[in-house]
Chemist: 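Pasting a structure below so you can have a look.
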Amino acid sequence: MGMATEANGDKKLRTDCSTVGEVIREERVYPSEEFRASSWISSREQYDEMYRRSVDDPDAFWEKEAEQFFWKTKWDNSDGKMHSENFDLRKGPITIEWFKGGKTNICYNALDRHVKAGKGDAIAMYWEGNELEQNKKLSYKEVLDNVCQLSNFLRSVGVKKGDLVAVYLPMLAELPIAMLACARIGAIHTVIFGGFSAEALAQRLLASGAKVLITTSGYRRGHKVIRMKQIVEEALSRLLEEEGHSIETCLTLANDSAVKRQDVPWTARRDVWWQDVVPRYPTVSHLEWLDAEDPLFLLYTSGSTGTPKGIVHTTGGYMVYTAATFKYTFDYHEGEVYWCTADCGWITGHSYLTYGPFLNAATVLVFEGIPTYPNPNRWWDVIDKYNVNIFYTAPTAVRSLMRFGDAPVKAHHLKSLRLLGSVGEPINTNAWRWLHEVVGNGRCPIVDTWWQTETGGFLITPLPGAWSLKPGSATLPFFGVQPAIIDPEGNELSGEATGALCLKGSWPGVCRTILGDHERYEMAYFGHFKGYYFSGDGCRRDEDGYYWLTGRVDDVINVSGHRIGTAEVESALVSYPMCAEAAVVGYDHQVKGQGIYAFVALKDNTRNFDEIRQALITTVREQIGTFAAPDKIHFAPSLPKTTSGKIVRRILRKIAAKELDDLGDISTLANPEVVDQIIALTGN
Ligand code: WTA
């Protein structure tokens with residue numbers, strides 16, 4: 001798959017964007033006295049004291065958090081240090097280690113530990129399917145039994161510690177079970193989002209080197225039936241024909257209510273039905289003790305340039321960090337029902353649907369469906385049905401439900417709700433207020449959690465009992481996290497400031513490398529500002545030290561909380577034979593947060609634009625997935641370039657935003673005349 005024309009033509013960071021919009025400085029939302037009094041961190045003073053300790057002596061702080069877990073062997077702190085890091089490329093390669101030498105198992109800590117403590121009958125998971133009548137509940141003991149059986153099966157097909165297992169499943173209960181089963185035996189899971197196409201699946205399978213794949217016959221999403229095994233078949237035959245790479249075992253869950261067994265393509269010997277084999281294995285399975293720095297999972301995410309990056313998270317630090325952030329941010333107390341609407345195909349489903357909650361013995365609701373099926377009451381029905389206490393979702397979903405007005409929400413009592421959460425993109429103040437007032441009845445604080453695939457867990461987030469909220473702000477850093485705001489020249493700014501959001505020093509959950517390309521990892525995160533981890537986000541710190549995220553300053557677009565690299569979409573577009581060149585930028589979109597705006601120059605301008613537009617969209621759907629299809633395609637005679645031939649996206653972004661009076665200096669372009677020509681041709 002070839003890459004598009006040089007991405008990132010204008011490397012300069014944008015720090016002027018403000019997706020959040022208006023800032024109402026006076027508005028503060030305080031937790032109720034009752035909420036505050038029962039919370040883990042119940043005052044700003046308590047936070048300040050803990051924060052100071054976490055920064056002054058991170059080892060002591062995190063060792064204390066780690067002690068609640070079972071460690072087969074304690075970490076090595078013979079030199080008085082439990083963690084080591086080099087965050088500065090000028091001093092050599094980037095290395096980060098936490099709890100090194102410690103031996104543990106995250107599955108043991110998430111399941112066995114609770115069962116041994118007498119919590120085996122507590123509900124680990126409520127599962128609510130796409131259809132109204134589909135649901136089940138699993139106790140901690142039952143999840144453990146399922147995980148053990150699956151891990152025994154995986155062993156029986158030769159999976160060993162360090163092997164990669166790919167998981168391509170919708171939000172069935174079996175998805176978190178599959179992740180935990182891999183973790184139990186030290187296999188590295190790589191979950192591939194179910195919305196990815198056959199091509200994108202094949203690309204990730206090849207890049208990860210996985211030999212075992214777990215999938216399903218198919219599933220329903222709203223009214224649609226998705227024939228997942230059919231997509232897998234296409235991906236696997238392509239892999240074999242084009243790359244000579246074969247998957248040895250494809251474990252397929254028969255989901256007869258969506259796609260029946262007899263209706264799926266099948267390759268004997270390679271393909272096995274889950275129901276035919278997994279239940280035959282014993283419900284005990286021995287554990288693989290892993291070093292804290294052994295890899296736990298691989299998760300692909302998009303960056304500014306190139307193909308998706310295989311982010312590697314390790315065991316010990318990730319375990320301690322996701323558990324602590326879950327407990328304090330969601331202020332989780334035993335017995336509460338927690339619902340995270342994210343998909344396990346993304347990091348939120350890893351850290352805050354699976355590991356963080358299970359490590360805290362939480363009761364998690366897993367929902368397979370969509371908020372509007374069979375009608376826009378569905379989410380609110382589910383909250384009342386399961387008495388959900390903590391509800392964690394994304395601004396894009398909130399905005400899409402706001403369009404149905406208050407009535408569907410008001411028809412429910414939603415009395416169980418205690419806390420709300422938001423993730424994935426900046427939450428605009430309107431959506432914040434609606435969530436707070438209409439859904440939360442003015443009673444529930446909102447934790448607006450800022451973090452990334454690479455950070456493993458929350459970095460900037462409210463601790464809801466400890467301080468007041470400002471709608472649209474992620475507020476303050478979590479323990480051990482040291483944000484820095486940096487100007488385009490690389491200077492760290494103090495006090496009130498706007499710039500690129502970076503981090504000083506590591507935290508236990510940060511990713512350790514990019515699979516097979518440590519140099520790319522170093523350049524992407526540590527190459528921009530020496531001594532700092534660069535997040536790719538812009539940010540403003542206000543007079544109270546609160547952080548306001550303003551969106552990406554690199555070439556990543558955030559569409560409905562899905563992170564999409566412009567380079568990937570461009571690469572798909574230019575693979576269409578009639579496309580000469582393509583450049584993709586984000587633009588403000590009322591529901592999705594950002595939409596995808598593609599500028600395309602064709603080899604032959606006499607063709608039927610509507611037909612080509614459709615063909616281009618189909619190409620992106622086939623190569624990446626429907627969620628990455630451009631919202632607008634704007635045909636252009638050619639694209640504005642620098643004298644060295646790089647596309648100047650800055651100008652295209654302005655055209656997409658219809659800010660034509662503010663195009664900046666175009667005289668230095670190699671082809672300034674194309675700007676007027678592009679403006680003359682309307683987008684669609
Ligand atoms: C964006 C998702 C503003 C941000 C957890 C980040 C946010 C990217 C927030 C990471 C938030 C996530 N406020 N922006 N609360 N949460 N983002 O890797 O641009 O899928 O860099 O991880 O989402 O997306 P990712």
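For ligands, and for the atoms within them, numbers begin at 1 and follow the listed sequence. Not measured: the values here are computed from a predicted model. Nothing fancy with the numbering, it's 1 onward along the sequence.
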Chemist: Give the ring-plane orientation class for W339 versus F367, where under 30° counts as parallel, over 60° as perpendicular and anything between as tilted.
Modeler: perpendicular
Chemist: I'd like to know if A474 contacts ligand 1, where contact means a heavy-atom distance under 4.0 Å to any ligand atom.
Modeler: no
Chemist: Measure the distances from the heavy atoms of W346 to every atom of ligand 1 and state whether one is below 4.0 angstrom.
Modeler: no
Chemist: Does the gap between the ring centers of F196 and F627 come in under 6.0 Å?
Modeler: yes
Chemist: Are any of the N/O atoms on G424, whether in the backbone or the side chain, positioned under 3.5 angstrom from an N/O atom of ligand 1?
Modeler: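 Looking only at distances, the answer is yes, because the N/O contact criterion of under 3.5 Å is met.
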Chemist: Counting both backbone and side chain atoms, is some N or O of T348 under 3.5 Å from an N or O of ligand 1?
Modeler: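 For ligand 1, there is no N or O atom that lies under 3.5 Å from one belonging to T348.
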Chemist: Verify whether the ring centers belonging to F458 and W450 lie closer than 6.0 Å.
Modeler: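 Not close enough - the centres of the two rings lie 6.0 Å or further apart.
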Chemist: Of all the non-hydrogen atoms in the protein, which one sits nearest to atom 10 (C) of ligand 1, and at what distance?
Modeler: W451 O, 3.6 Å
Chemist: Look at ligand 1 and say whether G536 reaches it with a heavy atom at a distance under 4.0 Å.
Modeler: no
Chemist: Check the orientation of H313 and Y318. Use parallel for under 30°, tilted for 30 to 60°, and perpendicular for over 60°.
Modeler: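 H313 vs Y318 ring planes: tilted.
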Chemist: Measuring centre to centre across the rings, with the benzene-like ring taken for any Trp, is F599 within less than 6.0 Å of Y597?
Modeler: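 Between Y597 and F599, which both carry aromatic rings, the centre distance is below 6.0 Å.
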Chemist: With backbone taken as N, CA, C and O and side chain as the heavy atoms from C-beta onward, which portion of R563 lies under 4.0 Å from ligand 1: side chain, backbone, both, or neither?
Modeler: side chain
Chemist: Compute the centroid of each ring, for F479 and then for Y47, and state whether the two points are separated by less than 6.0 Å.
Modeler: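 Between F479 and Y47, the centre distance is under 6.0 Å.
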Chemist: Should R552 be counted as touching ligand 1, given the test is an N or O pair under 3.5 Å?
Modeler: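 N/O-N/O distance below 3.5 Å exists for this pair.
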Chemist: Looking only at protein heavy atoms, identify the closest one to atom 25 (P) of ligand 1 and say how far it is in Å.
Modeler: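 Heavy-atom neighbour on the protein nearest atom 25 (P) of ligand 1: T453 OG1, 3.5 Å.
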Chemist: What is the closest protein heavy atom to atom 19 (O) of ligand 1, and at what distance does it sit?
Modeler: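 Going atom by atom, the protein heavy atom closest to atom 19 (O) of ligand 1 ends up being D537 OD1, 2.6 Å.
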Chemist: Can we call the ring centroids of W62 and Y321 under 6.0 Å apart?
Modeler: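 Yes, the ring of W62 comes within the 6.0 Å limit of the ring of Y321, centre to centre.
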Chemist: I need the contact type for N558 against ligand 1. Using non-hydrogen atoms and a strict under-4.0 Å cut-off, is it side chain, backbone, both or neither?
Modeler: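 The answer is the side chain.
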Chemist: When only distance counts, is D448 in polar contact with ligand 1, meaning an N/O pair under 3.5 Å?
Modeler: yes
